[in-house]
Amino acid sequence: MIKRRIEEIVKAAVDACRKEGLIPSDAAAGFEITVPKIAAHGDFSTNAAMSLAAAAAMQPRKLAQEIVARIPKDAPELSGVSIAGPGFINFVLNPGWYLEGLREIWNAGAGFGCADLGKGRKVQVEFVSANPTGPLHIGHGRGAVYGDCLASVLKAAGFEVTREYYVNDAGNQIRTLGRSVYLRMKELCGEKIELPQECYQGHYIVDIARTLRETHGEAVSAMDEESAIDFLGEQAGSMILDEIKRDLAETGVVHDTFFFERELHKGALVEKTIEWLRERGHIYDQEGAVWFRSTAYGDDKDRVLRKGDGALTYFASDIAYHKEKYDRGFDRVIDVWGADHGGYVARMKAAVAAIGRDPASFDAVLIQLVNLIRGGDVVSMSTRSATYETLEDVRREVGRDACRYFFLMRSHNAQLDFDLELAKKESAENPVFYIQYAHARIASIFRKAEEQGLSAASPQEVDLANIDLPEEVRLARMLLVLPEVIEECAVELEPHKLAFYMLELSRMFQSYYSKGRTDERYMVLAEGGARTAAKLYLLKNVQIVLQNGLRILGITAPEAMAREEDALA
RNA sequence: GGGCCCAUAGCUCAGUGGAUAGAGCAUCUGCCUUCUAAGCAGAGGGUCGCAGGUUCGAGUCCUGCUGGGCCCGCCA
């Protein structure tokens with residue numbers, strides 16, 4: 001990684017200063033390597049002289065001179081080092097070094113971009129986890145795509161990742177589902193019913209009732225009401241879960257494991273966990289209820305695990321579930337929740353601490369709301385009524401690729417305006433289209449090249465001197481940044497940065513490509529000799545990076561952009 | 001009343017304690033005989049919500065305020 005190399009160079013120079021007593025050996029080593037906003041300031045910059053000036057009792061610029069003096073003049077990576085402003089040390093890289101770096105992309109191919117941040121540690125990403133009581137809405141969709149992409153990013157960053165879906169199949173909601181189906185079934189039999197407000201109102205309940213009536217009608221009519229409701233809840237829940245799985249699969253989201261709350265109860269794991277906590281002093285009884293002392297770990301109030309009526313709370317199951325996660329051997333646990341669960345973070349962190357795990361190994365990521373925009377207006381969404389926008393509707397309308405990209409193109413902790421019209425546009429305004437178009441253009445050039453009997457030079461035979469246009473060097477440099485972007489996404493749990501990177505890279509390529517229209521030096525297939533082979537070599541690397549980035553985002557990399565009229569023909 | 005999130009160009013948003021705060025859309029001006037113009041180049045447009053503080057340096061960190069979203073149950 002380029003940045004790391006610069007860091008090593010600066011560190012060596014700073015250490016040399018230390019050895020000579022210019023900087024006290026106990027001074028904090030803190031300095032940063034950054035990319036200046038302004039190109040004229042070079043490719044990389046460090047604040048080392050400024051941050052160490054106080055400890056060295058020197059003027060920053062003076063110290064900068066001392067540091068620069070200890071950087072080898074003949075470092076192959078560098079073509080220039082200068083001191084600027086209040087004491088920045090700026091580095092201009094040797095363009096040839098970037099171009100040499102392309103070899104790394106070519107050789108790694110689909111593996112380029114991977115980093116070793118995770119060092120094989122096991123991380124579980126739990127996401128979606130919607131109760132199987134109805135179809136997924138767009139809020140679930142955002143969480144699903146975020147969680148999936150985060151998992152891919154973590155995998156690329158060197159973690160061993162498991163995608164998990166937690167199914168609440170034991171609570172009241174499943175009973176309510178059972179009751180809703182039960183009533184609809186009676187209605188189908190010609191009875192006049194009244195559907196209570198807390199029941200699920202959607203039409204899908206009627207469909208499920210009809211199916212279950214056909215398959216299990218007789219059995220159900222033989223049951224008493226209570227067992228019928230239980231039975232129907234279980235059946236309907238499993239049918240809906242199948243639908244959710246299909247819906248997710250069509251969105252490109254596939255979980256490795258499904259964990260059922262029922263399993264916890266079967267093994268009496270919730271009770272066992274409460275006892276486990278009790279033995280360690282985290283539990284007390286008060287007013288007939290069993291309490292968890294979460295305030296001991298920073299929660300603002302203690303929480304009930306077993307209610308006065310003897311029933312376990314949802315939170316009790318959650319603790320048992322999370323204990324079970326760690327017992328399965330995960331070094332790190334990430335939960336992806338909707339923003340409305342913000343109030344649960346503190347108690348869950350407390351629970352992780354109480355079960356003897358490092359709270360820092362647990363992250364609850366909150367995904368903010370999605371506003372659907374159609375024609376400039378917010379399409380309002382109400383969760384309880386049957387009128388909310390489903391993930392499936394949106395995906396069918398805009399397509400899977402656009403759907404995913406739009407969910408990923410904003411930081412998860414900011415609300416997202418999802419513009420349906422924009423997502424459908426086939427023009428540069430639509431970022432998904434634009435990125436895919438960049439990939440398709442490259443594919444098209446390669447098709448043309450093949451027709452002309454041309455192909456990319458291999459790293460062994462390419463003459464890098466033929467890649468000499470400033471835009472080409474910039475492109476090469478941009479390509480080499482991918483591993484750093486992925487690391488950043490993984491550290492900050494923010495895959496949207498990859499989405500932005502992809503857009504920026506696409507712009508860079510599209511701009512370069514377009515110059516070929518007016519300036520032959522930029523035209524890839526212009527002269528057909530070693531120069532063309534070198535340009536194709538560069539383009540091949542651009543294509544690899546586009547493909548790898550798109551793969552992590554879960555978006556297809558098309559060989560050609562089919563016009564709508566072509567598709568119809 | 002308390003907690004979490006958000007506030008940056010007309011609009012949608014990037015922005016790692018660094019130097020002159022950036023994109024896209026929209027507006028205006030150019031560019032098609034060429035590898036896909038489904039595109040490209042350029043111009044204008046800013047009190048980074050407000051007020052303090054921390055320091056060599058703050059859009060970024062801290063405090064207070066204003067405005068908006070979500071949440072605050074022995075619900076799930």
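Chain A is the first sequence line, chain B the second, and so forth, proteins listed ahead of strands; every chain is numbered from 1. Quick caveat: nothing in here was measured; it's all calculated off a predicted structure. Values below: all heavy atoms of this structure, side chains included; hydrogens, waters and symmetry mates excluded.
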Could you give the distance separating [M] and [N] at their [atom1] atoms, to the nearest angstrom?
N	M	atom1	answer
B:U20	B:C61	C1'	23 Å
B:G46	B:A23	C1'	15 Å
B:G52	B:G10	C1'	31 Å
B:G59	B:U47	P	14 Å
B:U8	B:G15	P	14 Å
B:A58	B:C40	P	37 Å

### Heavy-atom donor-acceptor pair, A:Tyr434 side-chain to B:C25 base, under 3.5 Å
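Flag unset: no donor-acceptor pair detected.
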### Message
Using a heavy-atom cut-off of 4.0 Å across all strands, would you classify A:Arg507 as base, sugar-phosphate, or nothing?
### Response
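Sugar-phosphate contact only.
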### Message
Taking the side chain as everything from C-beta on, heavy atoms only, tell me whether A:Ile555 gets closer than 4.5 Å to A:Gln436.
### Response
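A side-chain contact under 4.5 Å exists here.
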### Message
Under 3.5 Å for both pairing distances: what stems, at least three Watson-Crick or G-U pairs long, include RNA chain B?
### Response
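Paired runs of 3+ in RNA chain B: B:1-7 with B:66-72, B:10-13 with B:22-25, B:27-31 with B:39-43, B:49-53 with B:61-65.
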### Task
Measure from CG on A:Asn131 to P on B:A76 and round the result to the nearest Å.
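After rounding, the gap between these two atoms is 11 Å.
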### Length of the line joining A:Tyr344:OH and B:A76:P, which is rounded to integer Å
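Taking atom P of B:A76 as the reference, OH of A:Tyr344 is at 9 Å.
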Is the shortest side-chain N/O distance from [X] to OP1 or OP2 of [N] below 4.0 Å?
X	N	result
A:Lys3	B:U16	no
A:Asn413	B:C4	no
A:His496	B:G15	yes
A:Arg410	B:C13	yes

